[in-house]
Amino acid sequence: MSLQQGLAIVLQVKDHGDSDKIVTLYTLEYGKIVLIAKGAKRSKKRFVNKLELFSLLAIHFAPSRHSSLMRLDQADLLNPFPRLRENYERYIAASLLCELVLHWTREHDCDEELFRLLVWALEGLALAGGAVNRTIIFFHVKMLDILGYRPDLTGCLDCGVLGAPGVVYRFSTMRNGLVCSRCESQATGNTSQPLSIQTIQLLRRAQDMEQGKLERLHFSPAATREAVALLKRYDNHLLQREVQSWSFLG
Amino acid sequence: MNVVPPALSRLIADLNRLPGIGMKTATRLALHILRRPASEAQSLARDLGELHRSIRLCSGCFAFAETDPCGICKDSERDGGLVCVVEESADLMAIEKTGAFKGKYHILHGVLSPMDGIGPEEIKADALLERIRNQQVREVLIATSSTVPGEATAAYLIKRLQEEAAVKVTRLACGIPMGMDIKYADELTLSRAIESRKDTCS
């Protein structure tokens, strides 16, 4: 069977038996794929240092004749992002980005834009001065956009107004958008924390902003807390599972 | 119709729960045990039954041991001022085999892995800090693996030890394995080896 090749980010690595590893990758050409790397645990040359979390690889792989798992044949390390392992906060952030891609994508569902966004975010986290929480929020908002789950933050879903004085806005995960305190019926029981207008506007700007202009976004600690809580709740609701890395984010 | 006798089927299912043992290997092991003399199977069953009764975690270093404190923690010949931090008991055994380390150990029983829900509270990090504060420890050697989770765990421990304890912290050296030709070393290992180069005149 012919070898296929591509660029990939390592999302997850699991030991398999005494000598093999099961690697989940997000690739530029094939989306999320799961491969078996035969002999990877004992490899002294072919896979050593390469099948590590967050690494950007150039890979060669082939469908297996005996199982549904594809076989990883070769991996060349393009960028190991060493700074992500030298700092606990950045390690958690990078783990979160990879876990999000792991759970939000399906196997073989290819999305070039998402791959480039992930590489860009990991590069940003690896930079000494990179703002960790801002990168996470921006990545998440953009990822939802790419995958077709963009939350509607333009105004209240019922009255269409945003910023009316004295009105409280909450995000409804059921309706995928904002609901104001004037329109919210008591029966819906939306118990989420209110979102400040500042946070809503920052998230809206992030939805429409290009990656290169990220420095223009300034999240206050309160806005960061609100945005993180909203995204975490949105993940739990739509994925119907907990994204573990959220709990370690400072 | 089930052709496998229930007792054999139960053993296969039990073995299948072990890490790295698939259904085929579990069946092969179960049939091997069945073919060997009954005394061997009884001895295996006795040893398995004894495991949790006789082995506990050492309250000093968290190693598996039959006594508390364990043999290494009790050994007055070993340097109590030097503590080597490892991920697992198997790492302790690997370091002990070298005969090069004469200090004591601290076993974390894991590494930080946010995706698996393993944070600082799940590894024995607080116990290490407490031990350093309460005992006369002058150096902590961090000997976690050079994998991403191992390095991140080392970075976390180094930061906490530097902030919360007045102790010298060292990291296991990382570089070219003995007998390896430099041209076959990967870029990351080679760059680490250059960064950690040693002054031969000292």
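On a predicted model such as this, the values are computed, not experimentally measured, just so you know. Order of the sequence lines sets the chain letters (A, B, ...), proteins ahead of strands, with each chain counted from 1.
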| said: Between B:Thr170 and B:Glu139, is the side-chain hydrogen bond (donor to acceptor under 3.5 Å, both in side chains) condition met? List the steps. | reply: CA-CA 7 Å; B:Thr170 51; B:Glu139 180 179 344; 2.8 Å; yes
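Contacts of A:Ser95 with chain B are made by both backbone and side-chain atoms, with heavy-atom separations under 4.5 Å. Both the backbone and the side chain of B:Pro149 come within contact range of chain A, with heavy atoms under 4.5 Å apart. Looking at B:Ile118, only its backbone comes within 4.5 Å of chain A, counting heavy atoms on both sides. For A:Leu11, the part sitting under 4.5 Å from any heavy atom of chain B is the backbone (N, CA, C, O) and nothing else. If you measure heavy-atom distances from B:Ser146 to chain A, the contacts under 4.5 Å come from the backbone alone. For A:Phe81, no part sits under 4.5 Å from any heavy atom of chain B, backbone or side chain. If you measure heavy-atom distances from B:Arg160 to chain A, you find no contacts under 4.5 Å at all.
Ranked by heavy-atom pairs shorter than 4.5 Å toward chain B, the options A:Asn49, A:Leu53, A:Leu96 are led by A:Asn49. In terms of non-hydrogen atom pairs under 4.5 Å with chain A, the most contact-rich of B:Pro120, B:Gly150, B:Pro177 is B:Pro120.
The main-chain N or O of A:Trp104 is never found under 3.5 Å from a side-chain atom of A:Tyr149 such that the two would form a donor-acceptor pair. Of the possible polar contacts, one joining the A:Lys32 side chain to the A:Thr105 backbone as a donor-acceptor pair under 3.5 Å is found.
The aromatic ring centroids of A:Tyr30 and A:Phe61 lie less than 6.0 Å from each other. For B:His109 and B:Phe62, the gap between ring centers reaches or exceeds 6.0 Å.
Within 6.0 Å of atom CD in B:Gln136, 12 or fewer heavy atoms from other residues, nucleotides or ligands are found, so the atom counts as exposed in its surroundings.
Closest of all the heavy-atom pairs between A:Thr173 and A:Arg233 is CG2-NH1, 3.8 Å.
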